[in-house]
Protein chains: 2
Amino acid sequence: MSVIFSRSCEYALQAVMYIAMQPRNQMVLLKEVAEKVNIPKHFLGKILQKLAKSGLLDSQKGPNGGFALYETPNKITALMIVEAIDGFDLVNKCVAGFPECHREDPCPFHEEWAMIRNNIKEMLEKETIEKLMQDAKEGKRIPFLKPGYLTK
Amino acid sequence: MSVIFSRSCEYALQAVMYIAMQPRNQMVLLKEVAEKVNIPKHFLGKILQKLAKSGLLDSQKGPNGGFALYETPNKITALMIVEAIDGFDLVNKCVAGFPECHREDPCPFHEEWAMIRNNIKEMLEKETIEKLMQDAKEGKRIPFLKPGYLTK
DNA sequence: CTAATTAAAGACATATAAATATTTATAAGA
DNA sequence: TCTTATAAATATTTATATGTCTTTAATTAG
């Protein structure tokens, strides 16, 4: 298998990027996100609820309701999203699955993995939603990016 | 979730380490590995079969049968084990799950992740079974390591 | 107050990984 | 050849993640 993030977490990252790219003056519908980013609607609903409970998104029921970023894009990092959905077990769990592996009593992989784990964490902290949007403007692919977005 | 390796893969790494630490002049029983490393026996059986088919282990049925390393410990790397069990999707798959992400048309995470992925790969290549055993002798914890091992 | 719109919640279904149990095939030794 | 020890193969169960469907609750507009 070799997965880093769960499917839910991948969806969360993509959905937040999509929401961030919409005009800030109105909320974005679950239906719209689901269709544009191609995620099962009710499954996505639960993911966005979780992000809302974690304080990353705002959500409103009823007409004109929907989802929006709770903070400005420069305050939301990929790490926050990952932690909200998957938890960041990567930080604690032994990469080789040894049950009692920790710094004072490390397995043979421990130190090497600690470095990599740290790289991952730093990378995810550095990637704010703002930066991801910037990247998109510079041509990095975000499949659901509307053609007109760059010129807006 | 945030998993790097599947449970099977963790078991594979641990089991190979265990086998490597046994005397080379006889085969190691599935039953013994399962008990000492604390892995469900039949589940482990399938994992070891897979390692045998991949050419990492030798296996023999019947009395005096069991499993053994097919190569000397310095020829077997953690990467080989991971690839045999999980495949190394890490190499190909987009970390954020974008379906059509590749080098010529990368998502915003692509380059950062490529570096980390490479670090992981290099680390796993560097960790031969021999080195892991060396580490164990230097005090790195391997829970199923027999107390007497260091002085043998 | 009523109807319409939307997210939230809960129940259910499916897919996959993990674990367990049973049967079969192979080799060794008496 | 017969029995025993062992891995290999197969079938079954359980757990968890993912996906779907239905109902409920909240909000707005009229």
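Keep in mind that the numbers below use all heavy atoms, side chains included, and drop hydrogens, waters and symmetry copies. Below, read A as the first sequence line, B as the second, and so on, with proteins coming before strands; counting in each chain starts at 1.
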Integer-rounded Å distance: dA9(C) C1' and Lys50(A) NZ:
15 Å
Rounded to the nearest angstrom, tell me the gap between atom CD in Gln26(A) and atom P in dT6(C).
11 Å
Quick one: Ile47(A) CD1 to dT20(D) C1', roughly how many Å, whole number?
14 Å
Glu10(A) atom CD is separated from dA17(D) atom P, nearest whole Å, by 15 Å
Taken to the nearest whole Å, CD1/Ile39(A) to C1'/dT20(D) is 16 Å
Output all residues satisfying ring-ring contact (aromatic ring centres under 6.0 Å, His included) with Tyr11(A), sequence neighbours left out; order by chain, then residue number.
Phe43(A)
The side-chain contact (heavy atoms from CB on, under 4.5 Å) partners of Glu32(B) (sequence neighbours excluded) come to Tyr18(B), Gln22(B), Val28(B), Leu29(B), Lys36(B)
Indicate whether OP1 or OP2 belonging to dT18(D) is found under 4.0 Å from a side-chain N or O atom of Tyr11(A).
no
dA4(C) OP1/OP2 closer than 4.0 Å to side-chain N/O of Asn64(A)
no
Contact list (N/O, under 3.5 angstrom) for nucleotides 7-14 of chain D vs protein:
| residue | atom | partner | partner atom | Å |
| --- | --- | --- | --- | --- |
| dA7(D) | OP1 | Leu30(B) | N | 2.9 |
| dA8(D) | OP1 | Ser59(B) | OG | 2.9 |
| dA9(D) | OP2 | Gln49(B) | OE1 | 3.2 |
| dA9(D) | OP2 | Lys53(B) | NZ | 3.3 |
| dA11(D) | N6 | Lys46(B) | NZ | 3.1 |

Does Glu35(B) have any salt bridge (Lys or Arg N to Asp or Glu O under 4.0 Å) partners at least two apart in sequence or in another chain, and if so, which?
Lys31(B)
Roughly how many Å is it from CE in Met27(B) to P in dA27(C), rounded to a whole number?
12 Å
Please state how far atom CD1 in Ile19(A) lies from atom P in dA7(C), giving the value in whole angstrom units.
10 Å
Phosphate-side-chain proximity, Arg7(B) and dT16(D), N/O vs OP1/OP2 below 4.0 Å
no
Excluding sequence neighbours, so at least two apart, what forms side-chain hydrogen bond (donor to acceptor under 3.5 Å, both in side chains) with Glu112(B)?
Lys126(A)
Please set out all donor-acceptor pairs under 3.5 angstrom arising from side-chain atoms of residues 53-75 of chain A, sequence neighbours excluded.
| residue | atom | partner | partner atom | Å |
| --- | --- | --- | --- | --- |
| Ser54(A) | OG | Lys50(A) | O | 2.8 |
| Thr72(A) | OG1 | Asn74(A) | OD1 | 2.5 |

N/O donor-acceptor pair under 3.5 Å between Gln14(A) side chain and Gly97(B) backbone:
yes
Rounded to whole Å, CG of Asp58(A) lies from P of dT27(D) at a distance of 12 Å
Residues, nucleotides or ligands: over 12 heavy atoms within 6.0 Å of Asn38(B) CG:
no
